[in-house]
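It should be emphasised that the depicted structure is a prediction, and the values quoted were computed from it without experimental measurement. Side-chain atoms are counted along with the backbone in the values below, which use heavy atoms only and exclude waters and symmetry mates.
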Amino acid sequence: MDIHRCRFVPYQPSAINAIAFSHARIRQGKKVSLARLAIGRANGDIEIWNPHEGSWHQELIIRGGKDRSIDSLVWVNEPDQDLGDGRILHGKSRLFSIGYTSTVTEWDLEKGKPKRHASGQHGDIWCMAAQPSSNSDPTQGTKLVAGTMDGELVLYSIEDDDLRFQRVVVKSATKKAQIVSIAFQSSKVAIVGCSDSTIRAYNMSKGQLLRRMTLGADVIGGSKNIIVWSVKCLPNGNIVSGDSTGQVCIWDGKTYTQSQRMISHKADVLSLAISADGNSILSGGMDRRTVLHRPATGSHGRWTKAWGRRYHEHDVKAMATFEGGNISVVITGGPDARPVVLPLKDLGRNNHRTLPSLPLQPPVLGAAKARFLLSWWDRELHIWTLPATAEPEAEDGKSTQEDRKLLKTILVKGDSNITSASINRNGTLLFIATGTDIKAFRLEHSKPLKPADVTLTTLDLPERVAQRGATRITLSPDERWLSIIREGTQVTVAQLIADDEEIQIRLQQVRRLHRDIPRYVANGGLRSYDRNITQACFSPDSKMLAVADIAGYIDTWILSDNSSTANSNVPSDDDDASSGDESSDGEAADNGSEQWRRNPTAKLLPKLPSAPVVLSFSGDCPLGSTTNNSGSSANDYTLLAITSSWYILTFHPLQGQLTDWSRRNPRKTLPGPIRDLLDLAQGVFWEGSRVWVYGISFLFMIDTSQDMPTLGQVCEAQENGTKGTKRKRTGPITGAGGKMAKGNTVPHQVLRHTGKKAEDLDMEGEAEDSDVNSDEEMEEANGELSELRQSNDQQSSQAVVSTDGQKRWWITHKYRPVLGMVALSDPGQPLEVALVERPTWDVEMAEKYYAGNEYRR
């Protein structure tokens with residue numbers, strides 16, 4: 001496989017402004033999979049992550065839009081219902097957000113779009129919290145309390161599955177004290193942090209000020225007022241605050257007096273998090289440090305700093321904790337756009353884990369014949385042309401090979417960000433989808449080398465297509481069909497009839513199989529959220545369409561003539577029952593010579609063990625008709641599915657069963673380096689029987705014509721001095737990294753390679769002068785470092801070769817972080833791909849804080 005390493009593609013990950021778990025703690029006996037993590041970004045995107053078994057699967061991204069931002073996220077869970085016989089109907093989980101406007105938004109996770117908005121006569125909302133319920137007044141659990149820039153506390157009602165502004169509880173006379181943080185001490189008492197050096201306690205039932213706590217003045221030379229950026233309440237009622245002086249303060253919850261003040265950071269404390277048992281306080285600051293506080297030994301009521309390190313390259317702006325099962329973690333985030341998973345219980349003894357800032361669904365496309373590379377983020381799409389691997393030399397002996405060129409930049413009109421795009425192999429027909437519309441473009445070119453060589457024309461689409469958005473669109477290989485996924489679960493197939501100025505479209509909405517899932521075993525409080533379709537693909541001959549949802553169900557349809565509807569293998573319309581969330585959208589399917597009908601054996605395909613992250617057809621096509629189920633694998637497709645728990649499965653969809661290779665090679669036979677991967681797969685490429693799978697930090701190959709090596713073969717390979725598949729044990733699943741090495745558990749020592757020895761750096765990360773001072777010593781150090789890098793590159797790839805000399809599998813971690821890969825070769829030709837890397841050091845960030853004795857890179 002020929003690889004073009006591309007680092008010129010721009011992609012700017014958006015800053016993390018808010019982090020929230022649907023359940024901060026899962027009680028014993030409940031499934032950890034009930035919990036979801038929501039991450040809000042500065043461009044208005046909301047990401048939904050599943051922490052199940054530490055896989056941290058990015059299940060869904062709800063795209064934002066122009067001038068939109070997510071600055072706070074709040075989950076509200078309704079009470080569970082006991083249905084008897086041990087059946088529990090979990091309460092519905094609802095997600096709300098604010099964005100420094102006067103509007104509160106509720107999100108429909110089942111459809112992946114905003115559900116409703118509400119606003120009142122007040123200023124911009126800067127913070128928000130859900131009022132906890134109480135036994136005396138259950139209606140208190142149906143309220144949202146928000147603090148505004150005018151110093152007001154306002155109440156929003158969310159009862160009866162609604163969202164509406166109710167009233168202003170507290171008004172500020174001067175409007176000089178902005179409310180920037182809020183937390184509930186009890187169901188009636190709200191603690192708010194203000195920008196005028198005060199923390200205030202309010203009785204929400206009466207709107208009465210209970211106590212005003214003052215932090216005093218800032219240090220000499222500081223600002224006039226101290227800003228209380230974050231407040232939290234411990235289970236015993238005590239209050240924790242973090243302010244702009246870098247101090248974490250503990251307040252007595254009964255007397256509302258300060259009991260302790262700790263100088264934890266060199267700059268503002270921006271975020272706080274509390275463990276469920278109240279024995280851990282975590283703070284994140286503008287100095288990029290995350291600090292853990294624990295109760296002091298032998299001192300009642302006193303706290304001390306137990307651990308502190310820099311895990312981020314910028315401010316630690318948001319954090320949230322989750323405890324359930326074997327997972328006990330705190331998630332932190334900020335302008336560097338990378339969520340960091342820290343082990344809450346074993347912080348300082350277990351490693352942390354950094355989740356990717358790049359999306360799991362790659363925002364890149366390729367047009368193989370035109371050698372185009374497309375990339376997009378927010379509302380911009382870029383079209384690049386890549387040089388051929390070998391170009392003939394000119395008469396003067398110089399190579400005529402041209403470097404990559406940016407041909408076009410498309411700025412999509414409207415306020416919604418791009419959700420998906422698709423282009424044909426010739427690079428002449430382009431579709432772009434947003435949350436509100438779909439646009440089509442025609443590109444005219446012939447071996448383009450500069451922007452003037454490409455003519456871009458907008459094509460008109462019917463209103464029922466153009467004025468309705470899509471979460472995912474896919475163009476078939478023969479360019480005659482376009483699959484459109486709407487509102488997460490609805491599948492529409494459009495037949496394309498293109499001319500010079502517009503595209504005529506014939507729509508047909510296909511229905512998915514009805515899955516009889518009892519409500520009490522559904523996806524927790526998210527109801528039918530897990531029926532969201534995340535994967536869709538056409539077969540190479542464009543005669544089969546397959547989709548897969550978060551729950552792991554696969555639906556397939558085949559293309560047939562209307563004349564064949566009498567065939568007994570083709571289901572009737574009565575069989576095409578759909579569940580309530582997959583009902584028809586009112587579009588009548590136009591009659592035509594060809595129709596998409598459900599695969600007769602669709603019900604036989606098993607449910608995947610976890611959510612799929614990759615779905616792809618191999619390049620082999622059946623020799624016979626797609627409607628003829630002969631029972632022979634030669635007359636069937638091969639459909640590959642890779643899940644979030646690293647199951648690699650291949651199916652014969654016309655037979656409705658696993659392939660022989662998949663039966664012989666279950667998950668336990670996969671090589672250890674593949675099973676132990678923390679990052680998930682993003683996409684695949686087929687090269688005959690070889691499957692090339694890539695992710696954020698890896699690229700590996702598995703040959704499906706050969707079985708994986710057995711334990712005896714692994715031992716033999718190790719005895720012969722070759723690299724085998726001995727698995728690296730990582731210990732129990734904790735949600736973060738494995739155990740630290742013994743030498744790394746001391747917080748004030750950091751190892752740095754200098755060519756001679758390790759230096760000791762202090763806990764703050766303040767670098768001392770290197771021991772390598774002379775030019776000779778510097779050259780010696782650089783030489784040793786170069787040798788170290790070469791040896792690491794050689795050891796970064798592993799493989800196992802069969803007796804006939806063919807590699808069964810191969811893996812490398814040389815390329816990272818990978819934004820995506822696109823194919824540049826035609827089917828049947830040697831595989832050629834463009835691998836797009838987005839190095840973290842190339843990501844632009846706002847100015848960060850530096851202490852007086854730190855150096856700027």
Side-chain angles (χ1 to χ4, degrees), residues 1 3-16 37 39 41-43 45 47 49 54-59 61 288 310-314 331-342 351-366 373-378 380 382 384 386 404 613-614 642 644 646 673-674 676-685 692-701 736-737 789 792-793 795-798 810-823 833-845 848 857:
M1 180 174 67
I3 297 179
H4 297 261
R5 297 183 69 175
C6 306
R7 291 185 174 178
F8 56 84
V9 176
Y11 183 85
Q12 183 65 33
S14 185
I16 295 176
L37 169 67
I39 295 179
R41 296 189 179 267
N43 63 348
D45 288 355
E47 302 173 2
W49 294 71
S55 62
W56 296 104
H57 175 211
Q58 187 187 76
E59 295 178 335
I61 299 180
R288 314 192 295 279
R310 288 191 179 125
Y311 298 97
H312 289 273
E313 296 296 327
H314 212 286
I331 311 293
T332 61
D336 60 2
R338 296 179 297 172
V340 176
V341 185
L342 305 176
N351 291 309
H352 71 284
R353 175 182 172 186
T354 301
L355 300 180
S357 61
L358 305 178
L360 183 62
Q361 299 288 344
V364 293
L365 285 174
L373 172 64
L374 283 73
S375 66
W376 67 88
W377 87 90
D378 290 350
E380 291 186 17
H382 302 270
W384 307 78
L386 298 179
R404 78 294 194 274
V613 293
V614 169
I642 302 177
S644 61
W646 276 113
I674 295 178
D676 289 337
L677 287 172
L678 293 179
D679 295 325
L680 303 181
Q682 291 180 284
V684 302
F685 294 96
W692 293 88
V693 185
Y694 70 90
I696 294 290
S697 60
F698 62 86
L699 171 66
F700 71 81
M701 179 275 297
R789 287 173 176 170
N792 288 338
D793 288 342
Q795 296 175 4
S796 63
S797 61
Q798 301 181 48
W810 174 88
I811 186 171
T812 182
H813 297 277
K814 180 180 180 180
Y815 312 103
R816 63 172 63 187
V818 179
L819 180 65
M821 291 178 63
V822 299
V833 299
L835 187 147
V836 181
E837 294 175 288
R838 184 59 175 160
T840 55
W841 62 80
D842 198 26
V843 176
E844 297 180 1
M845 288 188 290
K848 66 182 72 172
R857 294 182 179 178

Which residues pass the ring pair (Phe, Tyr, Trp, His ring centres under 6.0 Å) test with W646, sequence neighbours left out?
-> F698, F700

What pairs with D378 under salt bridge (charged side-chain N to carboxylate O under 4.0 Å, His left out), at least two apart in sequence or on another chain?
-> none

What closest approach, in Å, do W56 and R353 show between heavy atoms, and which atom pair accounts for it?
-> CD1-NH1, 3.2 Å

Separation of L699 CG from I3 CD1 (nearest 0.5 Å) | 5.5 Å

Output for pair (I16 CD1, D45 CG), nearest 0.5 Å, gives 11.5 Å

Output for pair (R404 CZ, L373 CG), nearest 0.5 Å, gives 10.5 Å

Side-chain heavy atoms of L355 within contact of V341, under 4.5 Å = yes

Given side chains that start at C-beta, do those of L819 and P363 come closer than 4.5 Å, heavy atoms only?
-> yes

Any side-chain heavy atom of I642 within less than 4.5 Å of one from V693?
-> yes

What do you reckon, are the aromatic ring centroids of W384 and F8 less than 6.0 Å apart?
-> yes

Close side-chain approach of I811 to L677, heavy-atom, < 4.5 Å | yes

State, yes or no, whether a side-chain contact exists between P339 and T332 at a heavy-atom distance under 4.5 Å.
-> no

For R816, check salt bridge (charged side-chain N to carboxylate O under 4.0 Å, His left out) against everything at least two apart and list the hits.
-> none

May I ask you to test the M701-M1 pair for a side-chain heavy-atom distance under 4.5 Å?
-> no

With S375, which residues qualify under side-chain hydrogen bond (donor to acceptor under 3.5 Å, both in side chains), at least two apart?
-> none

Work out which heavy atom in P13 is nearest to a heavy atom in L358; give both atom names and the distance.
-> CG-CD2, 4.3 Å

Those residues at least two apart in sequence (or on a different chain) that pass side-chain hydrogen bond (donor to acceptor under 3.5 Å, both in side chains) with E380 are H382

Do V818 and L835 come close enough that some side-chain heavy atom pair is under 4.5 Å?
-> yes

Set of residues satisfying side-chain contact (heavy atoms from CB on, under 4.5 Å) with respect to P362, sequence neighbours excluded | V364, Q682, Y694

With sequence neighbours excluded, what pairs up with W810 under the ring pair (Phe, Tyr, Trp, His ring centres under 6.0 Å) test?
-> W692

Nearest heavy atoms of T354 and R338, plus distance in Å | CG2-CB, 3.9 Å

Can you name the side-chain hydrogen bond (donor to acceptor under 3.5 Å, both in side chains) partners of E47, sequence neighbours left out?
-> R41, W49, Q58

Is there a side-chain contact between V843 and Q12, using heavy atoms and a 4.5 Å cut-off?
-> yes

Derivation of the side chain to side chain contact (heavy atoms under 4.5 Å, CB included) call for V340 and H312 = CA-CA 8 Å; V340 176; H312 289 273; 3.4 Å; yes

May I ask you to decide if N43's main-chain N or O and S14's side chain share a donor-acceptor pair within less than 3.5 Å?
-> yes

All heavy atoms of C6 vs all of A834, minimum pair found to be SG-CB, 4.1 Å

H57: ring pair (Phe, Tyr, Trp, His ring centres under 6.0 Å) partners, not counting sequence neighbours | none

What pair of heavy atoms forms the shortest contact from P359 to Y11, and how long is it?
-> CD-OH, 3.3 Å

Listed partners of H314 passing ring pair (Phe, Tyr, Trp, His ring centres under 6.0 Å), at least two apart | none

Salt bridge (charged side-chain N to carboxylate O under 4.0 Å, His left out) filter on E837, not counting sequence neighbours, yields R5, R7

Under the side-chain hydrogen bond (donor to acceptor under 3.5 Å, both in side chains) rule, collect the residues that match up with S697, sequence neighbours excluded.
-> D679

